[in-house]
Amino acid sequence: MNTSIVVQNLKCGGCANTITTKLAQIENITNINIDVDNSIVAFSHNNDADAKMVKDKLKTLGYPAIDDDNNLVSKAKSFVSCATGKLSK
């Protein structure tokens, strides 16, 4: 199955690098593709539970789905995730 999630706070390649690295650690998640310009995270998975894990992980990293709350904590987490992604390139 393939899923695309439109996320908030996705700004650059550093963000994309962090998202890709963290999602690749989730079992059954493959073919991760980040479209920074359109804030889309696309991936393949086996079932709906896998897709929910990705959505939850994105929120934990500071990149909530477009239909989720984007509070100050999420924005701060995304800033840290972005910086981490830039440093690990």
Side-chain angles (χ1 to χ4, degrees):
M1 300 170 70
N2 296 314
T3 296
S4 295
I5 300 174
V6 178
V7 297
Q8 302 175 73
N9 306 325
L10 178 57
K11 297 176 186 71
C12 68
C15 299
N17 188 41
T18 294
I19 291 169
T20 301
T21 301
K22 296 299 183 182
L23 295 187
Q25 296 172 355
I26 300 173
E27 189 175 349
N28 301 324
I29 303 303
T30 59
N31 301 323
I32 301 162
N33 186 17
I34 312 296
D35 180 346
V36 175
D37 294 334
N38 295 302
S39 297
I40 297 172
V41 177
F43 56 95
S44 298
H45 56 93
N46 292 340
N47 55 52
D48 291 339
D50 293 337
K52 171 115 175 58
M53 281 196 302
V54 169
K55 188 176 180 185
D56 291 345
K57 177 56 103 175
L58 288 168
K59 188 172 186 175
T60 299
L61 292 170
Y63 305 101
I66 197 74
D67 57 342
D68 285 341
D69 183 35
N70 188 21
N71 57 33
L72 186 59
V73 173
S74 290
K75 291 176 185 176
K77 286 180 182 179
S78 73
F79 181 78
V80 171
S81 292
C82 176
T84 302
K86 286 181 181 178
L87 294 173
S88 64
K89 275 187 166 180

Using a 6.0 Å cut-off, check whether atom CD of E27 has over 12 heavy atoms from anything other than its own residue.
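Atom CD in E27 is not packed in, count stays at 12 or less.
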Nearest 0.5 Å, what's the [atom1]-[atom2] distance between [X] and [Y]?
{"X": "K59", "Y": "D68", "atom1": "NZ", "atom2": "CG", "result": "4.5 Å"}
{"X": "I34", "Y": "C15", "atom1": "CD1", "atom2": "SG", "result": "10.0 Å"}
{"X": "S44", "Y": "I32", "atom1": "OG", "atom2": "CD1", "result": "9.0 Å"}
{"X": "F43", "Y": "N2", "atom1": "CZ", "atom2": "CG", "result": "9.0 Å"}
{"X": "S74", "Y": "L58", "atom1": "OG", "atom2": "CG", "result": "11.0 Å"}

Grab the two heavy atoms, one from T60 and one from K77, that are nearest each other, plus how far apart they are.
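So the minimum-distance heavy-atom pair works out to O-CD, 3.2 Å.
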Do [X] and [Y] have side chains that approach each other closer than 4.5 Å (heavy atoms only, starting at C-beta)?
{"X": "S78", "Y": "T18", "result": "no"}
{"X": "H45", "Y": "I29", "result": "yes"}
{"X": "V41", "Y": "L23", "result": "yes"}

Would you say the side-chain atoms of T20 pair up with the backbone N or O of N17, donor to acceptor, closer than 3.5 Å?
no
In terms of hydrophobic clusters joined by side-chain contacts under 4.5 Å, are V36 and I5 together?
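Looking at the clustering, I5 is in the same group as V36.
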In terms of hydrophobic clusters joined by side-chain contacts under 4.5 Å, are I40 and Y63 together?
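No, it is not one cluster - the side chains of I40 and Y63 are not joined through contacts under 4.5 Å.
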Under a plain distance cut-off of 3.5 Å, with no hydrogens placed, do N9 and N70 share a side-chain donor-acceptor pair?
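A donor-acceptor contact under 3.5 Å links the two side chains.
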Could you list the donor-acceptor pairs under 3.5 angstrom formed between side-chain atoms of residues 47-55 and any protein atom two or more places apart in sequence or on another chain?
| unit_1 | atom_1 | unit_2 | atom_2 | d |
| --- | --- | --- | --- | --- |
| N47 | OD1 | A49 | N | 3.0 |
| N47 | OD1 | D50 | N | 2.9 |
| D50 | OD2 | N46 | N | 3.2 |
| D50 | OD2 | N47 | N | 3.4 |
| K52 | NZ | D56 | OD1 | 3.0 |
| K52 | NZ | D56 | OD2 | 3.1 |

Does the pair I19 and L10 meet the rule for a side-chain contact (heavy atoms from CB on, under 4.5 Å), with working shown?
CA-CA 9 Å; I19 291 169; L10 178 57; 3.9 Å; yes
